[in-house]
Amino acid sequence: MRTKTVGGRRRSLTSSFSFTTQDENDEDDEQKPILEQDPNQQLRKDEIWNRWIVFSPDKIKKPSDYKAKSSSNSNPSRNKPCCFCIGHEDQSTVEIFRVPSDDPNWKIRVVHNPYPALSRNFPEFGDGVNGNVLDGFGIHDVVIESPVHSDQLSDLSPKEIGDIFVAFVDRIRELVHLDSIKYIQVFKNHGVAAGASMSHSHSQMLALPLIPPSVSARLGSMKEFFLQTGKCCICDIQREDLLIDSSTYFFSLVPFAASFPFEIWIVPRHHSAHFHELDVEMAVDLGGLLKQILRKMSFQLNNPAFNFMIHTSPLHGNESEFAYSHWFIQIVPHLIATTGFELGTGCYINPVFPEDAAKILREVNVPLFAHERRTVGFSPPSKIVDYSDAFATKEVFPTREYLLNWARAIGRENGFTVIIQRSDTGGIGKKIGRKTTVILGCERSGKYRQYKDALARKTGTKKCGCPFRLRGRPVRNGDGWKVNVVCGFHNHEVIETVIGSTYAGRLSGEEKSLVDDLTKNMVKPKDILQTLKERNEENLTSIKQIYNVRQALKRSRIEMEHSA
C-alpha cells in the first residue's frame, strides 16, 4: 500500500483521517499525532474509470436509512394520454419500427426523439470537423417501452423487458453500418429528478460521431489492467460480499468503488465486448434480473428517480480491444446531491460502503402482490382492446346519474364494469379553479398498495392498472352533462359476462334492506336472488354476493347487540 508523508507522519492513500486536539496540559505527549486514521473512512481506486472515490459514512444515518426524499412517480399524469400512448401515434414523431411489426396493437415503438440533442443531417463531405469544432450531427431515438401510459419498466414481465433489450439490439445493428457513427449510448431517465421530461416510460438511444471522453477513459483503464494482469477487469469483478443477485447469464452487484450510494451494476457472466451481441434468450434472462433489481431498489429506497446506462464498446473498434472491453449496465438511484467537490475534482464522496449497500439489497424481500400471485403462469392478453367508439357520443344527458347509468350499461354490454374513480362537485371549500367533473374508469384500474401485501392475502385481485378513462362534465349552460373518452383502451381481456362482478353486482341500500327482511323471514338465498331479479331485470348480483350480504348483516346485528 502506498503511503505519503504528511506533517512528519506517514498515511495511506486508501484512507482518510479525522482531526484530534492535543491536551494543552499534556506536555509529555509531544509526539502525539495530529491526525488519526478513521477505519470508517476510506479512499478506494475505481479501476474501471481510473478515479478515486471517498467513502465517508454519515455518523447519524445508517446505510438502511438512505431513501429517496419523495417517491419518484415517473407517471404523475397517468390518467392523461400522451403522444407515446397507443392510439396517439399520429401525434408522435417519425416511427422507425414497432414490435410486433405492422401491428396496430404494438408493444414497443422506436421513434425519432421529439427534442433531439443532435441533428440527423450528416455532412455531405468529410467528417464535419473544423478545427476543434465538430458539426452537431448524430441520431437521437426514443424507445417507447409500453403502449400503456401508467406502466413502469418494473411493472413489465421479464419477457416484455427482454423484448425492449432486443429492440435496442435491432436498432444498434441498423446503425452499425454507418461509418460516421462511432458510439451509441443507450440510457433511461426515470423520474423528474433524473431528467425525465416525459412521464410515459421510455428509454433513449444517442448515436454519436465520436467516442465520448468517459468511454475512452474507461477503455484506457481496462487496457492498462489487462496489460498488467492478463485479465479483463470486469470478468474479475465478482466478490461474494458485493453480490446482490444472479441469473443464468448475468449477475448484479454493487461495485467495489461505487461512485454513488446504492449504485448497481448488471454484468454478463461471459466476456462480451458489445451489448448488441445479446441474443433473445439472454435478453429475457436479463429482463428478469433487471426487474428484480428495480423492484428491490424501489421497495428499499422509496422508488427513487434513477438513471440507467448501458456501457459498451465503440462500434468500429479493432479486435485487440475486445480482449479487455466488457459491456455492463449501470443503475444510479438519486439519493444525494452532487456537490462542488465532486464537480471540481471528479472524485465522488459516497456515504454508504458498497458491502453494506449490497447486503441490504441482497436481503430485501420484494413482496409478491396479490395480483401477481393470481397471474403466476398466466400469459397476458395478446392484444389491447379498444372501446373508444362504444363510448364516443355527442349526446347531452339530462343528469349526472343518467350519464353514469348509460356508461355502466355500455360497459356491461362489452364485458367490463365502469366505476367512478374520482368525483369533484366543484362546490364551496374546493380549490380555486376546480370544476365539476366525474372521472370514470374500469374496475381493473389501479393497483393495490404495498402495505396490503403484509396481510399475506391468498385471494387475488383483478387490478392491473387498466388505463381506460371517461370524463363527464356539465355543459356550459348547466343544462345537462356530456362525456368524452380520455382513453378507450383496456390492457386486459374482457369477460363474456359481468355477472358476479364485485362492482356490477353491488346492492343498493334499498336492496340490502330487502335482503335483511327476507332473511329474517327465513327465505332461502336462491329465492332472495330471484326476488331481486324480478324487481330489477338489470340486476347482476350473484348467489355468492347474497351470502356475503347476509353474513355482513348478521355481523352488524351482533355488534349492535354487544354495544347495547
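Under the 4.5 Å side-chain criterion, counting only non-hydrogen atoms from C-beta, Asp245 is in contact with Ile293. By the 4.5 Å heavy-atom criterion applied to side chains, Ile144 and Val110 are not counted as neighbours. Residues Val143 and Met205 have side chains in contact (heavy-atom distance under 4.5 Å, counting atoms from C-beta outward). Considering only heavy atoms from C-beta on, Val267 comes within 4.5 Å of Phe251 through its side chain. Using a 4.5 Å heavy-atom cutoff, the side chains of Arg469 and Ser445 are in contact. Contact of the Tyr249 side chain with the Glu281 side chain is registered, since non-hydrogen atoms from C-beta on lie closer than 4.5 Å. Proximity of Pro304 to Leu335: side-chain heavy atoms (C-beta onward) are separated by under 4.5 Å at one or more points. Looking at heavy atoms from C-beta onward, Thr248 lies out of side-chain contact with Met282 at the 4.5 angstrom threshold.
For Ala258 against Pro354, the heavy-atom pair with the smallest separation is N-CG, 4.1 Å. When every heavy atom of Cys442 is checked against every heavy atom of Ile419, the shortest pair comes out as O-CD1, 3.7 Å. Of all heavy-atom pairs between Ile360 and Ser64, the closest is CD1-N, 3.5 Å. What you find for Asp151 and Ser146 is that their closest heavy atoms are OD2-OG, 2.9 Å. The two residues Leu243 and Gln238 make their nearest non-hydrogen contact at CD1-OE1, 4.2 Å. The shortest non-hydrogen separation linking Cys232 to Ala323 is CB-O, 4.2 Å.
The distance from atom OG of Ser298 to atom CG of Leu153, rounded to the nearest 0.5 Å, is 11.5 Å. Between the CD1 atom of Ile53 and the CD1 atom of Ile349 there is a distance of 10.0 Å, given to the nearest 0.5 Å. Distance check, rounded to the nearest 0.5 Å: CD1 of Ile161 to CG of Leu156 gives 5.5 Å. The distance from atom OG1 of Thr312 to atom CG of Leu278, rounded to the nearest 0.5 Å, is 10.5 Å. Going from atom CZ of Phe260 over to atom CD1 of Ile336 covers 8.0 Å, rounded to the nearest 0.5 Å. In this structure, Phe262 CZ and Asp356 CG are separated by 8.0 Å, a value rounded to the nearest 0.5 Å.
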Glu277 vs Ser272, side chain to side chain donor-acceptor pair (under 3.5 Å): CA-CA, chis, key distance, verdict: CA-CA 8 Å; Glu277 295 172 349; Ser272 175; 2.6 Å; yes
Side chain to side chain contact (heavy atoms under 4.5 Å, CB included) between Leu315 and Ile172, intermediate numbers included: CA-CA 9 Å; Leu315 295 180; Ile172 292 173; 4.2 Å; yes
Side chain to side chain contact (heavy atoms under 4.5 Å, CB included) between Ile331 and Leu290, intermediate numbers included: CA-CA 10 Å; Ile331 305 169; Leu290 177 61; 3.7 Å; yes
Test log, rule side chain to side chain contact (heavy atoms under 4.5 Å, CB included), inputs Asp163 and Lys107: CA-CA 9 Å; Asp163 289 341; Lys107 303 295 183 185; 5.9 Å; no
Salt bridge (charged side-chain N to carboxylate O under 4.0 Å, His left out) evaluation trace for Lys188 with Glu145: CA-CA 11 Å; Lys188 176 181 176 63; Glu145 298 167 344; 3.0 Å; yes
Audit row: Glu263, Gln330, side chain to side chain contact (heavy atoms under 4.5 Å, CB included) steps and yes/no: CA-CA 7 Å; Glu263 176 184 345; Gln330 180 187 24; 2.8 Å; yes
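No donor-acceptor pair under 3.5 Å is formed between the side chain of Asn113 and the backbone N or O of Val142. Here the side chain of Lys67 pairs no donor or acceptor atom with the backbone of Asn302 at under 3.5 angstrom. With Ser252 contributing its side chain and Ile266 its backbone, the two residues share no donor-acceptor pair below 3.5 Å. Remark: side-chain polar atoms of Arg44 are paired, donor with acceptor, to backbone N or O of Phe256 under 3.5 angstrom. Between the side chain of Lys296 and the backbone N or O of Arg362, at least one donor-acceptor pair lies under 3.5 Å. At least one donor-acceptor pair under 3.5 Å links the side chain of Asn350 to the backbone N or O of Val352. A distance-only check finds no donor-acceptor pair linking the side chain of Gln185 to the backbone of Met309 [under 3.5 Å]. Panel note: side chain Lys291, backbone Ser154; a donor-acceptor pair is recorded below 3.5 Å. A donor-acceptor pair is defined here as one N or O able to donate and one able to accept, closer than 3.5 Å; no such pair exists between the side chain of Ser56 and the backbone of Gln41. Checking side-chain atoms of His326 against main-chain N and O of His271 turns up no donor-acceptor pair under 3.5 Å.
No hydrogens or angles considered: nothing links the side chains of Ser247 and Arg269 as a donor-acceptor pair under 3.5 Å. Side-chain atoms of His202 and Asn189 form no donor-acceptor pair, as typed in the model, at a separation below 3.5 Å. A donor atom on one side chain and an acceptor atom on the other are not found under 3.5 Å apart for Ser320 and Lys223. Judged purely by distance below 3.5 Å, without hydrogens or angles, the side chains of Ser221 and Asn50 never pair a donor atom with an acceptor atom.
Using a 30° and 60° split on the angle between ring planes, Trp49 and Trp265 fall in the perpendicular class, above 60°.
Aromatic pair His190/Phe308: ring centres not closer than 6.0 Å. You'll find the ring centres of Tyr324 and Phe225 outside the 6.0 Å limit.
The residue from Phe322, Phe328, Phe168 that alone fulfils the ring pair (Phe, Tyr, Trp, His ring centres under 6.0 Å) condition with His274 is Phe322.
Remark: Lys62 NZ is loosely packed, at most 12 non-hydrogen atoms of other residues, nucleotides or ligands lying under 6.0 Å away.
The pair Glu363-Lys359 meets the salt-bridge criterion, with a side-chain N (NZ, NE, NH1 or NH2) lying under 4.0 Å from an Asp/Glu carboxylate O.
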